[in-house]
Asks: 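Here it is: the structure, laid out below.
Throughout, protein chains are lettered first and strands after them, A, B, ... in sequence-line order, and every chain is numbered starting at 1.
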Amino acid sequence: MSRYSAAEIEAKWQEAWDKAGIFRATHTDDKPKYYVLEMFPYPSGRIHMGHVRNYTMGDVIARYKLATGHNVLHPMGWDAFGMPAENAAMAIGGHPKDWTYQNIDDMRAQMKPLGLSIDWSREFATCDPEYYGQQQALFLDMLEKGLVYRKNAVVNWDPVDMTVLANEQVIDGKGWRSGAEVERRELTQWFFKISDFSEELLEALDGLDNWPAKVRLMQENWIGKSRGIEIPFHRTNGGDPVLCYSTRPDTMRGASFIAISPEHPLSRELAGGNAELAAFIAETRKMDTTEAAMEKAEKKGIDTGITVRHPVYPDIELPVWVGNFVLMDYGTGAVFGCPAHDQRDLDFARKYGLDVRNAFYMPGDETEVENDALVPAKSEKVVYIDHFAGISEVTSQEGIDATIDYFEANDLGVGQVKYRLRDWGLSRQRYWGCPIPVVHCYTCGVVPEAKENLPVRLPDDVTFDVPGNPLDRHPTWRDCTCPKCGKPAKRETDTMDTFVDSSWYFARFTAPRAETPTDMAEADYWMNVDQYIGGIEHAILHLLYSRFFARAMHLTGHLPAKAIEPFDALFTQGMVTHEIYQTRDGNGRPVYHLPEDVSDGKIADGTKVEIISSAKMSKSKKNVVDPVNIISAYGADTARWFVLSDSPPERDVEWTASGAEAAYKHLSRVWNLCDRIGVMDADIPGDGDDDLLREMHKAIRDVTLGVESFGFNAAIAKLYAFTNVLSKSQASMAAQKQAIMTLAQLMSPMTPHLSEDIWAHQGGEGLIANAPWPKADEAMLVDQSITLPIQINGKRRAEISVPPDMDKAQVEKTALATDAVQKALDGAQPKKVIVVPGRIVNVVI
RNA sequence: GCGGGCGUGAUGGAAUGGUAGACAUAUCAGACUUAAAAUCUGAAGGCCUAAUGGCCGUGUGGGUUCGAGUCCCACCGCCCGCACCA
């Protein structure tokens, strides 16, 4: 008897698939196409279990679709630009390009043994000039269509390193390397006009039926449509009115101050003659640029001394403050504060001694607001106090609408629909990204690079020994000639946000070697992505940007109209987690240990480790398991089987050594089962063939349903159960052979190598990867009899065994005749009997 | 702070509003073995009971329903995103 040797069979079948070329995707019209895509990886150097889980899920779908007669496109590439390559160059020397391509080679080598059904002939990296050159062409087309423009925007500036910092490089308001206080600095930068598409991106969410509802909701909130009003507040002693935007104009009666952003033109103007104000504005510049930091920071303000008149209660004068919590990017950069109905405004008012005035009460409760703002739901009824539009007890929503109508009718303001969504700033002051293909001509100004000069290649001869962007100090690259007038010009030294690279790669996969960004015939055939799979962390930015890009590519003639929503179905998978093992050093600081260095809860020197509950695998906590080690110990099929079992795909899965071991044992059991069935006589008449085949058809039904609905864990549980039935079965060899071959087929999307081997062993024809998916026989799914639980007042008290097709009246009669029901009734009549056919009987007494 | 999600045995989890705990891990018992490992068989939510059986039980509190893990409301805890991380 042979033993299950994963290493041997996996290499063998991977070679067989390669030789047969069955995963090569070609455009043919005799089969329906199916495009399955997993979010491509950043080439950090090693694959991790999260990748294994993501690609295994995609592979299950791809292989299942192949077996169900589809022409499958399942590509893979590399999201290869980004900061880590530059950080590595700074930390350990070398060149970002060498580092990146080496990592890609390493990761491809680690990925191949997984046996994924990927068409490697379509592979590319976003840092290939062939890719980013096409991206530059796209950029120029978008520029021509007016989808790109320049404006000033704020960045995190490290005054010591003299460089722009990403948000993640700002720790507690300080630069991660220099430790210097980070400042906000304005630079002229390139923007995509995604805000022009706010309404469309919002409305189209409705059609994305196969996206998780939570992702659609998150995008809806991100776009943040609101109906409000712009109200000019006239200054009491002259000057331009202060234009405020509000979504709650119904609270106007409670307005007690105006707050403007530190970046508001009026703030800047006043700062000129007001040292205290100038200092305050300078202080707010030392806040980092993240929204979370802004929101969490203490709300501070300074009185400008200016006052404005309330538009409907002219005796009320409101002070104008500069507030660090007012965003210049949203609305008009100025708001009126209504402390009674907004907690933030209330805190601000209490801090600075400003008035608090209710605009409404709750019906029957005329208490003035003290410490808790009164913020009822918009659908709740409130009683407005002395409202100028004459309304009294209505919902807040009706109050808002009535107020806007009144303001518009009396020329006091203009109703406005606004979106929270801001334009997408794509400029990055970094080397390792796609160069923005424009030049700054000393004569003509900003001039797009000529298309025949693309790609604008990154120069290779750069160093990272001095801070800042190497492109900025590279004279031969930076200095160029103007494509328009031929006179001297300076190349744009900013590169593109890496989100640009990942916003259209799915389209490029349809024709990865095309001389234009896409080949319309191929894009028309392969688009859309039928199933997209990736992490929930991309729910907003990457997916929203891709939706915008698909529209932009349609407008510039690079995608057909049907592809403006590029992802038909989206699945967001959970993370792979692991326990954290730590000991303490002499100073009591934690020291982390790799799982492979811990046995029996101890490290090599015998010290006991503290176990911290499972968290996302991360290098810093050392709670990582290297897939390469797992594959060499147990094989790819075990790794694939385990990451799919136990947890539902959308939830986190905890990697445990015992779980991996169990997966391996199970696959060995299946292998041994196949071996046994192979060696016994095929003619032994058996017992219970019908029972075994009935279970087999149920397994076909359940596993098919599981694979189609991303219930991989449930499908695997069913496969365990069916294997248990088969291993105990006394059925004839013919029936057992049929059962094991079907089992191999049902397992083949998850454990393709083992399944091929069983298939070959049992004399199956060709490759199992090409074999048509089994179909469940309806007639075999019906049981001879079913067990119905009998409830009395909703509690289970008995059960009856009845034929599945017994009619309701007969079921009721049988149920009422049981001892438990008779005893409970004690001669009385039941109040009600509920019979749910095939499910349950409930007797209400 | 804002937006989104999750919460079920010792553990991971299963359950179209219809028998809560499928399947697996860990545990315990038995078989095989000189022994161990491996393998195979079986037990098992908690409490009470000799047993039959009963009571309790899906983060907490309330509600809808003949019936709630599932739907609604409030609260608690944990996780993710917040626009220059990918």
Side-chain angles (χ1 to χ4, degrees), chain A residues 39-42 44 79 81-84 153 155-156 164-170 189 194 212-215 217-222 224 289-297 299 325 329 343-344 420-430 497-499 501-502 535-542 544-545 572 574-575 577 613-616 642 645-648 650-654 656-659 661-663 665-666 668-669 672 711 713-714 716-721 724 727-728 787-791 793-799 831-834 836 838-845:
Chain A
M39 290 180 187
F40 65 165
Y42 176 78
S44 59
D79 189 11
F81 276 133
M83 288 201 304
V155 294
N156 299 307
V164 175
L165 297 178
N167 283 336
E168 72 158 14
Q169 296 174 315
V170 180
Q189 307 198 53
I194 189 173
K214 64 178 171 184
V215 174
L217 188 57
M218 284 162 90
Q219 292 217 350
E220 185 182 325
N221 289 329
W222 187 261
T289 56
T290 70
E291 195 172 302
M294 305 267 286
E295 290 289 333
K296 264 188 274 192
K299 308 301 175 266
F325 55 91
D329 290 332
Q343 192 60 46
R344 188 176 58 188
R420 205 183 71 101
L421 180 64
R422 310 202 293 256
D423 278 334
W424 170 11
L426 68 117
S427 300
R428 296 293 180 271
Q429 297 69 38
R430 275 177 245 291
D497 178 8
T498 56
F499 270 119
D501 313 337
S502 57
I536 185 70
E537 67 273 19
H538 296 293
I540 296 173
L541 292 181
H542 162 62
L544 194 61
Y545 290 160
T572 54
M575 299 177 301
T577 66
S613 61
S614 221
K616 177 179 185 169
F642 180 68
S645 59
D646 281 3
S647 283
E650 68 275 16
R651 245 192 274 178
D652 294 350
V653 64
E654 185 182 15
T656 59
S658 59
E661 177 85 8
K665 281 183 188 173
H666 178 72
S668 302
R669 247 192 316 267
N672 291 337
N713 56 323
I716 284 181
K718 187 67 196 179
L719 287 165
Y720 269 109
N724 291 343
S727 68
K728 284 173 197 158
T787 304
L788 281 188
I790 311 296
Q791 293 184 331
N793 292 334
K795 297 213 178 226
R796 196 182 81 83
R797 284 291 182 269
E799 55 185 39
K831 276 189 195 143
K832 197 172 175 184
V833 180
I834 292 136
V836 184
R839 280 286 178 191
I840 205 164
V841 181
N842 190 10
V843 182
V844 184
I845 293 173

Asks: According to a strict under-4.0 Å criterion, is A:N221 in side-chain N/O contact with OP1 or OP2 of B:G81?
Replies: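 No, A:N221 has no side-chain N/O under 4.0 Å of OP1/OP2 on B:G81.
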
Asks: Under 4.0 Å between a side-chain N or O of A:K718 and OP1 or OP2 of B:A22?
Replies: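 Checking A:K718 against B:A22: no side-chain N or O falls below 4.0 Å of OP1 or OP2.
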
Asks: Under 4.0 Å, heavy atoms only, any strand: does A:V843 hit a base, just the sugar-phosphate, or nothing?
Replies: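 Here A:V843 touches no strand at all.
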
Asks: With a non-hydrogen cut-off below 4.0 angstrom, is A:V836 in contact with a base, only sugar-phosphate, or nothing?
Replies: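 It contacts base atoms.
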
Asks: Looking at B:G17, which nucleotide sits across from it as a Watson-Crick or G-U wobble partner, both distances under 3.5 angstrom, or is there none?
Replies: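 Pairing partner, where one exists within any strand: none, as none qualifies.
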
Asks: Nearest-Å distance, CD (A:Q791) to P (B:G67)?
Replies: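 After rounding, the gap between these two atoms is 10 Å.
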
Asks: Taking any heavy-atom pair under 4.0 Å as a contact, classify A:R797: base, sugar-phosphate, or nothing.
Replies: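 Result for A:R797 = sugar-phosphate.
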
Asks: With sugar-phosphate meaning primed atoms plus P, OP1 and OP2, does A:K831 contact a base, only sugar-phosphate, or nothing at under 4.0 Å between heavy atoms?
Replies: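 Here A:K831 touches no strand at all.
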
Asks: A:R669 has an atom CZ; how far is it from atom P of B:U39, in whole Å?
Replies: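 About 7 Å, once rounded to whole Å.
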
Asks: If you assign A:E295 and A:W424 each to the RNA chain B nucleotide with the nearest heavy atom, which residue ends up on the more 5' nucleotide?
Replies: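 Closest to the 5' end, via its nearest nucleotide, is A:E295.
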
Asks: Searching all strands shown, indicate the nucleotide that pairs with B:C2 (Watson-Crick or G-U wobble; both distances under 3.5 Å).
Replies: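 Pairing partner: B:G81.
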
Asks: Test salt bridge (Lys or Arg N to Asp or Glu O under 4.0 Å) on A:E650 and A:K214; report intermediate values, then the result.
Replies: CA-CA 12 Å; A:E650 68 275 16; A:K214 64 178 171 184; over 6 Å; no

Asks: Pick base, sugar-phosphate or nothing for A:K795, based on heavy-atom distances below 4.0 Å to the nucleic acid.
Replies: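 Sugar-phosphate only.
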
Asks: So, under a plain 3.5 Å distance rule, would you say the side chain of A:Q189 forms a donor-acceptor pair with the base of B:C84?
Replies: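 Check passes, donor-acceptor contact within cut-off.
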
Asks: For residues A:L541 and A:W424, determine if any side-chain heavy atom of one lies less than 4.5 Å from a side-chain heavy atom of the other.
Replies: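 The answer is no; the side chains never approach within 4.5 Å.
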
Asks: Distance criterion of 3.5 Å, no angle test: do you see the side chain of A:N842 paired donor-to-acceptor with the base of B:C66?
Replies: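 Yes.
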
Asks: Looking at every strand, decide which applies to A:A662 at a 4.0 Å heavy-atom threshold: base, sugar-phosphate, or nothing.
Replies: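 Sugar-phosphate contact only - A:A662 comes under 4.0 Å of backbone atoms but never of a base.
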
Asks: Does B:A83 have OP1 or OP2 sitting under 4.0 Å from an N or O in the side chain of A:N167?
Replies: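 Indeed, a polar side-chain atom of A:N167 lies that close.
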
Asks: Ignoring backbone atoms, test whether A:T290 places a side-chain nitrogen or oxygen under 4.0 Å from the OP1 or OP2 oxygen of B:C82.
Replies: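 For B:C82, OP1/OP2 do not have a side-chain N/O of A:T290 under 4.0 Å.
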
Asks: Considering every strand shown, what is the Watson-Crick or G-U wobble mate of B:U60 when both distances are under 3.5 Å?
Replies: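 Its partner is B:A74.
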
Asks: Provide, to the nearest angstrom, the distance between the NE2 atom belonging to A:H542 and the P atom belonging to B:A86.
Replies: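 Atom NE2 in A:H542 sits about 13 Å away from atom P in B:A86.
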
Asks: Figure out the CG/C1' separation between A:L165 and B:C85, and round it to whole Å.
Replies: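 Value for this atom pair: 13 Å.
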
Asks: Using whole Å, what does the distance between atom P of nucleotide B:G17 and atom CZ of A:R796 come to?
Replies: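 Computing the A:R796:CZ to B:G17:P distance gives 22 Å.
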
Asks: Minimum heavy-atom separation for A:N793 to A:I845, with atom names?
Replies: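 Answer, listing the atom of A:N793 first, then A:I845: OD1-N, 2.9 Å.
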
Asks: Check this one for me: any side-chain N or O of A:K214 less than 4.0 Å away from OP1 or OP2 of B:C79?
Replies: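 Negative; the distance criterion is not met.
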
Asks: Which part of the nucleic acid does A:L421 contact within heavy-atom distance under 4.0 Å: base, sugar-phosphate only, or nothing?
Replies: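 If one applies the 4.0 Å heavy-atom cut-off, A:L421 turns out to touch a base.
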
Asks: Please state whether the rings of A:H666 and A:Y720 are parallel, tilted or perpendicular, taking 30° and 60° as the class boundaries.
Replies: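 If you compare the ring of A:H666 with that of A:Y720, the planes turn out tilted.
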
Asks: Of all the nucleotides listed (B:G81, B:C66, B:U19), which has the minimum atom distance to the side chain of A:E537?
Replies: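 It is B:G81.
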
Asks: So, taking the atom named CE in A:M39 and the one named CG in A:D79, what distance separates them when rounded to the nearest 0.5 Å?
Replies: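 It is 11.0 Å, given to the nearest 0.5 Å.
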
Asks: Ignoring hydrogens and geometry beyond distance, is the side chain of A:R651 in donor-acceptor contact with the base of B:C6 at under 3.5 Å?
Replies: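 A donor-acceptor contact between them is absent.
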
Asks: Think A:S647 has a side-chain N or O under 4.0 angstrom from the OP1 or OP2 of B:G13?
Replies: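 The answer is yes; a side-chain N or O of A:S647 sits under 4.0 Å from OP1 or OP2.
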
Asks: Grab the CD-C1' distance between A:E220 and B:C2 for me, whole Å please.
Replies: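 So the two atoms are 15 Å apart, to the nearest Å.
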
Asks: Could you check how far CD1 of A:I834 sits from C1' of B:G18, rounded to whole Å?
Replies: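 Interatomic distance, CD1 of A:I834 to C1' of B:G18: 10 Å.
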
Asks: So, is A:R428 near the phosphate of B:C84, with a side-chain N or O under 4.0 Å from OP1 or OP2?
Replies: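 The answer is yes; a side-chain N or O of A:R428 sits under 4.0 Å from OP1 or OP2.
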
Asks: Who is the Watson-Crick or G-U wobble partner of B:A24, with both distances under 3.5 Å?
Replies: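 Pairing partner, where one exists within any strand: B:U11.
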
Asks: I want to verify the glycosidic state of B:G4; is it syn or anti under the 90° rule?
Replies: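 Anti conformation for B:G4.
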
Asks: Is any side-chain N or O of A:D646 under 3.5 Å from a base N or O of B:G12, one able to act as donor and the other as acceptor?
Replies: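 For A:D646, whose side chain was compared with the base of B:G12, there is a donor-acceptor pair (under 3.5 Å).
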
Asks: Pick the nucleotide of RNA chain B nearest each of A:S427 and A:K296; which residue has the one closer to the 5' end?
Replies: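 Whichever sits nearer the 5' end wins; that is A:K296.
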
